[in-house]
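Below: the structure, in structure tokens.
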Amino acid sequence: TSAACFSVFEGLVTGGSSGLGLATVERLVQNGASAVILDLPSSDGAALAEKLGERCAFAPADVTSEADVQSAVSLAREKFGKLDLAVNCAGIAVAFKTYNFKKDLPHSLEDFQREHRRNLQRDPPGGGEMGKNEPDADGHRGCIINTASVAAFDGQIWHPWASGSPDFTGGLSLAPKRCKVLR
């Protein structure tokens with residue numbers, strides 16, 4: 001059953017205190033897995049982890065900080081003994097046209113860089129840690145799931161830059177040769 005499949009995972013979810021990340025954390029814990037919520041210190045991650053109980057922990061972190069992410073990975077290993085699942089849900093969107101004629105303003109380069117720095121942070125958190133796991137019967141040591149907006153394929157009339165981040169994430173997800181799929 002899917003619940004039995006989930007129960008073997010010790011996971012880390014970026015952006016885990018809201019939206020798709022929150023739904024992922026709740027589903028994992030409800031089905032017997034353990035999860036570390038990696039989200040901003042200002043998020044509701046601490047309260048959520050407390051509500052979900054002993055199989056959940058909160059790592060206040062910014063996914064653009066390598067030190068923060070490594071600290072969250074270490075927390076997963078210390079609290080749950082291993083890390084074999086990473087689900088990347090963290091991301092932001094700045095809704096601004098390439099050029100706003102009503103305001104006579106171009107899209108801010110600073111906003112563009114901030115958005116892409118956050119959304120393109122797809123160096124798999126915990127990938128190196130998963131490499132230390134014993135392989136399962138199929139030779140897998142872990143699973144990394146990258147999520148992205150449908151904007152990669154649909155685009156946004158108001159924000160053409162929005163398709164860049166999801167498109168990158170989709171392409172990045174094609175690279176690994178061996179990936180375990182959950183059904």
Side-chain angles (χ1 to χ4, degrees), residues 6-96 108-133 141-149 151 161-162 164-166 168-170 172-173 176 179 182:
F6 280 110
S7 68
V8 301
F9 285 115
E10 315 300 341
L12 181 141
V13 181
T14 67
S17 66
S18 66
L20 181 60
L22 170 60
T24 301
V25 168
E26 289 176 335
R27 181 75 180 261
L28 288 169
V29 173
Q30 287 167 0
N31 284 288
S34 298
V36 171
I37 299 166
L38 187 157
D39 213 326
L40 294 170
S42 60
S43 73
D44 293 331
L48 176 63
E50 186 175 326
K51 176 183 143 195
L52 291 175
E54 66 183 28
R55 287 196 325 270
C56 191
F58 175 56
D62 182 331
V63 295
T64 64
S65 165
E66 190 173 337
D68 283 3
V69 171
Q70 187 53 50
S71 181
V73 168
S74 295
L75 173 63
R77 171 69 73 176
E78 291 164 14
K79 182 151 174 78
F80 303 122
K82 66 176 182 166
L83 177 65
D84 52 15
L85 175 67
V87 183
N88 293 306
C89 298
I92 60 172
V94 178
F96 200 90
S108 156
L109 179 59
E110 183 180 321
D111 283 345
F112 174 77
Q113 290 172 331
R114 182 173 54 91
E115 178 179 359
H116 283 264
R117 190 171 50 251
R118 173 79 36 102
N119 296 345
L120 301 183
Q121 178 59 35
R122 299 297 188 195
D123 182 24
E129 193 68 28
M130 289 180 210
K132 299 174 187 174
N133 294 338
R141 296 172 187 267
C143 179
I144 299 167
I145 300 170
N146 291 316
T147 65
S149 163
W161 307 113
S165 297
F168 173 83
T169 300
L172 178 66
S173 298
C179 182
L182 301 176

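Just so you know, these numbers use all the heavy atoms, side chains as well, and skip hydrogens, waters and symmetry mates. For reference, positions follow the sequence shown, starting with 1.
For D39 against G16, the heavy-atom pair with the smallest separation is OD2-N, 3.5 Å. Heavy-atom minimum distance, A49 versus C56: CA-SG, 3.8 Å. Here the closest heavy-atom approach between residue F80 and residue A35 is recorded as CE1-O, 3.9 Å. Residue A72 comes nearest to L38 through the heavy atom pair CB-CD1, 3.4 Å, listed as atom of the first residue, atom of the second, then distance. Considering all non-hydrogen atoms of both residues, L22 and S17 come closest at CB-C, 3.8 Å.
For residues 45-59, the set of pairs meeting the salt bridge (Lys or Arg N to Asp or Glu O under 4.0 Å) definition, not counting sequence neighbours, is empty.
The CG atom of L52 sits 6.0 Å away from the CD atom of E26 when rounded to the nearest 0.5 Å. Between the CG atom in D62 and the CG atom in D68 there is a gap of 6.0 Å [rounded to 0.5 Å]. Distance check: L75 CG to F58 CZ gives 10.5 Å after rounding to the nearest 0.5 Å. Here CD1 of I37 is found 10.5 Å from OG of S18. Values are rounded to the nearest 0.5 Å. Taking CD1 from I145 and OG1 from T14, the interatomic distance works out to 11.0 Å, rounded to the nearest 0.5 Å. Here the straight-line distance linking atom CG of L85 with atom CG of L12 works out to 8.5 Å at 0.5 Å rounding.
V25 places none of its side-chain heavy atoms less than 4.5 Å from the side chain of V36.
Remark: K79 engages no residue in a salt bridge (charged side-chain N to carboxylate O under 4.0 Å, His left out) (not counting sequence neighbours). By the side chain to side chain contact (heavy atoms under 4.5 Å, CB included) test, S71 pairs with no residue at all, sequence neighbours left out. By the side chain to side chain contact (heavy atoms under 4.5 Å, CB included) test, N133 pairs with R77, K82, D84, M130, R141, sequence neighbours left out. For T24, the side chain to side chain contact (heavy atoms under 4.5 Å, CB included) criterion is met by V13, L20, L28, V87, C89, not counting sequence neighbours.
A distance-only check finds a donor-acceptor pair linking the side chain of S43 to the backbone of L40 [under 3.5 Å].
Residue D44 places its CG atom among 12 or fewer non-hydrogen atoms of other residues, nucleotides or ligands, all under 6.0 Å distant.
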